[in-house]
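Report on one structure; see the data block that follows.
Counting starts at 1 for both ligands and their atoms, following the listed order. Numbers for residues simply follow the sequence, beginning at 1.
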Amino acid sequence: MGEKEKRASNRKMPKHVAVILDGNRRWAEKRGLGTSEGHEAGARRLLENAKDCFAMGTNTISLFAFSTENWERPEDEVKCLMALFEKQFRAEMPFFQRDKIKILVIGNRAKIPESLRGLIEEVEEATKSYEGKNLIIAIDYSGRFDILQACKSLATKVKDGLIQVEDINEEAMEKELLTKCSEFPNPDLLIRTSGEQRISNFFLWQSAYTELYFPTVLWPDFGEAEYLEALTWYQQRQRRFGRRV
Ligand SMILES: CC(C)=CCC/C(C)=C/CC/C(C)=C/COP(=O)(O)OP(=O)(O)O
């Protein structure tokens, strides 16, 4: 049995892995390349890793591709990222369909260029009936934005008489979050590469009991061996969810 098959049969595999892919620019700088080449290398790595991750039994992968704060980056870099997202969605559509991967893009779509927005809708529509492999891509996403939009939606339901204040509980809240945690599990493992040890406004609600893993390697260098190391670390964790065991 190969390493991937062995992992896939391990019952302690994370069902949902969230990733903050960090270090593309530093990776490019170290090689005398431009930032856009770093992001391109990051995007290639992303898809290779997603394939490995699904093959080893994880059924939901979330990627923090572009944070709300990323709009503050130089205009050229933002343009290049939006163009890269478009290129990747177009190039990967046949793979999503062949491997039956459901795509869900979460975040505030208002500022995303129209052509990318249209393409996202197309990809989501084409993959919406697939079950078992979910790829959640966060673009113009922030955890605070997600919690706020969920609160607004619940408040509107109370105002419209659809629910009572007493009906608001964790389950009701989770149904309103963009990750639809009632449909997808909360992340078991969050990986942030490049040595930074913070969540940076990613899944604030969803990662309450997530195991946080911070390898120092830069994202474009995070390959299969590094992912296996992350899994070994995860499988040694004792998850208590606040209880004594
Ligand atoms: C399918 C799809 C949506 C693919 C594209 C994913 C992709 C490559 C996103 C880039 C995200 C990003 C801003 C990375 C951080 O590196 P950084 O620039 O912050 O690196 P640094 O920490 O070295 O500055």
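- Note on ligand 1: A65 sits in its first shell, one or more heavy atoms being nearer than 4.0 Å.
- Counting all heavy atoms, side chain and backbone alike, F203 lies closest to P187 at CD1-CG, 3.7 Å.
- Of all atoms in ligand 1, numbered sequentially from 1 with element shown, those under 4.0 Å from a heavy atom of R26 are 21 (P), 22 (O), 23 (O).
- Judged purely by atom type and a 3.5 angstrom limit, E124 has no side-chain atom pairing as donor or acceptor with the backbone of E121.
- Interface of G23 with ligand 1, defined as ligand atoms under 4.0 Å from a residue heavy atom, comprises 16 (O), 20 (O), 21 (P), 22 (O), 23 (O).
- Considering backbone and side-chain atoms alike, R25 places an N or O below 3.5 Å from some N or O of ligand 1.
- For the pair K102 and F184, the cation does not sit on the ring face, since its NZ or CZ is not both under 6.0 Å from the ring centre and inside 45° of the axis.
- Near L81, meaning under 4.0 Å from any of its heavy atoms, are these atoms of ligand 1: 10 (C).
- Counting atoms of ligand 1 from 1 in the listed order, those under 4.0 Å from a heavy atom of R73 are 13 (C), 17 (P), 18 (O), 19 (O).
- L135 pairs with exactly one of L46, I101, D99, V123 by the side chain to side chain contact (heavy atoms under 4.5 Å, CB included) rule, that one being I101.
- For the pairing with R90, the side chain to side chain contact (heavy atoms under 4.5 Å, CB included) check across M93, E86, K87, E92 returns one residue only, E86.
- The single protein non-hydrogen atom nearest to atom 16 (O) of ligand 1 is N24 N, 3.4 Å, given as residue, atom name and distance.
- Between D22 and ligand 1, at least one pair of N/O atoms sits closer than 3.5 Å.
- Each of the atoms 3 (C), 5 (C), 6 (C), 9 (C) of ligand 1 lies under 4.0 Å from some heavy atom of F85.
- When the shell of 6.0 Å around NZ of K51 is examined, it contains more than 12 heavy atoms from other residues, nucleotides or ligands.
- Closest to atom 7 (C) of ligand 1, if we only count protein heavy atoms, is L21 CD1, 3.6 Å.
- With 3.5 Å as the limit, one finds no donor-acceptor pair spanning the side chains of T35 and E77.
- Under the salt bridge (charged side-chain N to carboxylate O under 4.0 Å, His left out) rule, D221 has a single partner from R31, R26, K30, which is R31.
- With distances taken over non-hydrogen atoms, the option nearest atom 4 (C) of ligand 1 out of V19, L46, I20 is L46.
- The protein atom (non-hydrogen) at minimum distance from atom 8 (C) of ligand 1 is H39 O, 3.3 Å.
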